[in-house]
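These numbers come from the heavy atoms of this one structure, side chains and all, not from hydrogens, waters or symmetry mates. In what follows, chains carry the letters A, B, and so on, assigned in the order in which the sequence lines appear, proteins first and then strands, with residues in each chain numbered from 1.
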Amino acid sequence: MTRTPVARGPKRPLKSAPVPLFTNRGLPMRLSRYFLPTLKETPAEAQIVSHRLMLRAGLVRQHAAGIYTWLPLGFAVLKRIEQIVREEQNRAGAQELLMPTIQSADLWRESGRYDDYGKEMLRITDRHERDLLYGPTAEEVITDVFRSNVRSYKDLPKILYHIQWKFRDEVRPRFGIMRGREFLMKDAYSFDLDTAAARRSYNQMFVSYLRTFDRLGLKAIPLRADTGPIGGDLSHEFIVLADTGESEVHCHRSLLEMSVPEGVDYEGDLQPVVDAWTGLYAAADEMHDAAQEATLGDALVTARGIEVGHIFHFGTKYSAPMGAAVAGPDGEPVTVVMGSYGIGVSRLVGAIIEASHDDNGIIWPESVAPFHVGLVNLKVSDAATSAACESLYEGLGRERVLYDDRDERAGAKFADMDLIGLPWQLIVGPKGVAKGMVELKNRATGEREDISTESALARLAG
RNA sequence: CGGGGCGUAGCUCAGCCUGGUAGAGCGCUAGCUUUGGGAGCUAGAAGCCGGAGGUUCGAAUCCUCUCGCCCCGACCA
């Protein structure tokens, strides 16, 4: 059979299609074309809720112990979280750069950590028998960059960060993505002339963490953490509250009700904010103080959570051995004081699910949801229903919409939609379409309402 | 790294004790019927039973070694 040439339409200018940074990051998408392998049953290896749901909802697949492939839907969430972290870092005055994953062992010998770090560090040898390692953190690299490029106190302060994959060869990876060996982390490093200035940097990061977790739809509690040999009170862990969290938190009730500062002036004095958040009793299980808790009475609450951030002032621990100094105002060299500030970006995906799910699946906070709305065509074979869906799909085009146009039964579609947890479901069936009505369902509350297609569009656009 | 467990179809698992050449449910493909909360029937496709060696006429099954994964503990973003 010969093919008739396809007739070409009239010449018209190329439609300027949006060019997203990541193709799965907020473009409208048809489920029939999307790579979303959902599972009805739970794979045997997954024990905790977030791991189970991440596998079932088609977010990730395990590659090896503690190492995962991010599938499109999971990758979209990861990127959204990463972007929020980035925006809040930038807002606080930190500057993004990108350091390598593979690092030279020589740098780590300078800081003395090459021998100290132990088996958690994945060591690699290249073809010239040079010792390399897959970075578990980046203090050495950033200190090296700093010392070879910054000469004067006038260049301080600086906070530099990157969002990069790390590897720690955990003895026992577990909890899916939450305790993997390979993980995505935001790590920032501050450089200051003295401890007072370092505290300002610390406070900036502290406040930006409050804002970051808040934007992610999480309730985070800062806990005073062990500072090791450095001492002082400049180290905090940020614990995100989740009923299924792995660690226990004891804290003052008021801490849970405290509101996160808005419109922060990061150049201003942040000490009052930090004081407010650190003034109330809060301790991890292993650090808690029964005597102090007794005085709290009813104000004491015990909750569960997941550590998602850790900020740390470490003075000259790396700058001294590695010779990171600048000329001070008097011309004399001053060893810079440093701090580091981590956020477990990939871990946050799991933490958010732990904090926000129900029996049917994930419930994404709006800010990180891979799509804003799931458009559910209940009867693909019905011309009117499909036409209505197409027009809604078109109308919602600038929203993040996932259109379930698969020829599946209603039940399967509802189950999948609940499982992947998009904030809104727009359900379109023949009965409603006949009356010009669709159903809008809120995933978090389960509330449904029948509304006209016009108001559905208006609601979802607003 | 100590202790325990598991590797059989894409997923969940049975079969192993007592050797005789591989099964179920779900999923997948096709057809018919269904169609608002994971449908029914029929017919299919799909597994060198994690790998290597050994015992045996014969091994998913017994023995040895090995690799992988999971759980508990110690350790960590």
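- Among the protein residues, A:S381 comes within range of no part of the nucleic acid, since none of its heavy atoms lies under 4.0 Å from any strand.
- Rounded to whole Å, atom P of B:rA39 lies 16 Å from atom NZ of A:K379.
- Pairing for B:rU18 is absent, with no Watson-Crick or G-U wobble pair whose two atom distances lie under 3.5 Å.
- Residue A:A410 is classed as a sugar-phosphate contact, given heavy-atom separations below 4.0 Å to backbone atoms only.
- In this structure, A:E41 reaches the bases: a heavy-atom distance under 4.0 Å links it to at least one base atom across the strands shown.
- Residue order along RNA chain B, read from the 5' end via each residue's closest nucleotide, puts A:R406 first among A:R347 and A:R406.
- Under the 6.0 Å distance and 45° angle rule, A:R200 does not count as a cation-pi partner of A:Y266.
- For the OP1/OP2 pair of B:rG68 and a distance below 4.0 Å, the side-chain nitrogens and oxygens of A:Q62 include no atom meeting the criterion.
- Contact check, A:R409 against B:rA39: a side-chain N or O comes under 4.0 Å of OP1 or OP2.
- Here A:G66 lies out of heavy-atom contact (under 4.0 Å) with every strand.
- In the model, A:Y134 has no side-chain atom that pairs as donor or acceptor with a side-chain atom of A:R168 under 3.5 Å.
- Nucleotides B:rG27 and B:rA9 have their C1' atoms positioned 10 Å apart, rounded to a whole Å.
- Counting any heavy atom pair closer than 4.0 Å across all strands shown, A:A44 reaches sugar-phosphate atoms only and no base atom.
- In this pair, A:F213 and A:Y209 present their aromatic rings perpendicular. The plane angle is above 60°, beyond the 30 to 60° band.
- Among the heavy atoms of the strands, none lies under 4.0 Å from A:R61.
- As rounded to whole Å, 9 Å separates atom P of B:rA77 from atom CD of A:E120.
- Remark: the separation of the C1' atoms in B:rU35 and B:rU61 is 46 Å, to the nearest Å.
- Nucleotide B:rA39 forms a pair with B:rU33, judged by Watson-Crick or G-U wobble geometry with both contacts under 3.5 Å.
- Annotation: B:rG40 and B:rC16 have their C1' atoms spaced 35 Å apart (nearest Å).
- Proximity note for A:K40 (side chain, C-beta onward) versus B:rG36, B:rA77, B:rG38: the nearest is B:rG38.
- Atom C1' of nucleotide B:rA77 and atom CZ of A:F213 are separated by 10 Å, given to the nearest angstrom.
- At the heavy-atom level, A:D416 lies under 4.0 Å from base atoms of the strands shown.
- Annotation: of the two residues near RNA chain B, A:G432 and A:G180, the 5′-most nearest-nucleotide partner is A:G432.
- Using atom P as the reference point in both B:rU64 and B:rA46, the two lie 36 Å apart (nearest Å).
- Base pairing of B:rU56 is not made with any nucleotide, judged by Watson-Crick or G-U wobble geometry with both donor-acceptor distances under 3.5 Å.
- Note: CD1 (A:I67) to P (B:rA77) measures 19 Å, nearest angstrom.
- Residue A:D187 is classed as having no contact, given no heavy-atom separation below 4.0 Å to the nucleic acid.
- Closest to the side chain of A:K119, from the set B:rC1, B:rC75, B:rC26, is B:rC1.
- Side-chain polar atoms of A:Y281 and A:E293 form a donor-acceptor pair below 3.5 angstrom.
- Under the Watson-Crick or G-U wobble criterion, with both distances below 3.5 Å, B:rA46 is left unpaired in every strand shown.
- Rounded to whole Å, the separation between the C1' atoms of B:rG25 and B:rU21 comes to 24 Å.
- Ring planes of A:W165 and A:W70: tilted class, angle from 30 to 60°.
- When the P atom of B:rG38 is taken as reference, atom CZ of A:R56 falls 14 Å away, rounded to whole Å.
- Side-chain proximity of A:R168 to B:rG36, B:rC1, B:rA77: nearest is B:rA77.
- B:rC76 atom P lies 14 Å from atom CE of A:M185, rounded to whole Å.
- A:H162 and A:M99 make their closest contact through CD2-N, 3.0 Å (heavy atoms, listed as atom of the first residue, atom of the second, distance).
- Using a 5.5 Å limit on the distance between ring centres and a 30° limit on the angle between planes, the aromatic ring of A:F414 does not count as stacked on the six-membered base ring of B:rG36.
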>> Assess the residue pair A:E449 and A:R459 against the criterion (salt bridge (Lys or Arg N to Asp or Glu O under 4.0 Å)); give the C-alpha distance rounded to whole Å, side-chain angles, the decisive distance to 0.1 Å, and a yes or no.
In response: CA-CA 12 Å; A:E449 55 181 308; A:R459 282 278 294 282; 3.1 Å; yes
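- Of all nucleotides present, none satisfies the Watson-Crick or G-U wobble test against B:rG27 with each distance under 3.5 Å.
- Under the Watson-Crick or G-U wobble criterion, with both distances below 3.5 Å, B:rC65 is paired with B:rG51.
- Rounded to a whole angstrom, the distance from the C1' atom of B:rC28 to that of B:rC72 is 38 Å.
- As judged by a 4.0 angstrom heavy-atom cut-off over every strand, A:Q47 is placed among residues touching the sugar-phosphate backbone only.
- A:K186 comes within 4.0 angstrom of no nucleic acid atom, judged by non-hydrogen atoms across all strands.
- Using a 4.0 Å heavy-atom distance criterion, A:G342 is classed as making no nucleic acid contact.
- Computed from coordinates, the A:R181 CZ to B:rG68 C1' distance equals 11 Å when rounded to whole Å.
- The side chain of A:R172 has B:rC1 as its nearest neighbour among B:rG36, B:rG38, B:rC1.
- Using atom P as the reference point in both B:rC76 and B:rG7, the two lie 34 Å apart (nearest Å).
- A donor and an acceptor atom, one from each side chain of A:T244 and A:H357, are nowhere located under 3.5 Å apart.
- Separation of the P atoms belonging to B:rC49 and B:rC62 is 15 Å when rounded to the nearest angstrom.
- Under the Watson-Crick and G-U wobble criteria, each requiring two contacts below 3.5 Å, nucleotide B:rC76 is left unpaired.
- A:D243 CG: 12 or fewer foreign heavy atoms inside a 6.0 Å radius.
- Per the geometry, CZ belonging to A:R174 stands 11 Å off P belonging to B:rC75, to the nearest Å.
- Residue A:A64 has its side chain nearest to B:rC69 when only B:rA74, B:rC69, B:rG38 are considered.
- Look at A:K413 and you won't find any side-chain N or O under 4.0 angstrom from OP1 or OP2 of B:rG36.
- For A:V171, whose side chain is taken as the heavy atoms from C-beta onward, the closest listed nucleotide among B:rC1, B:rA77, B:rC69 is B:rC1.
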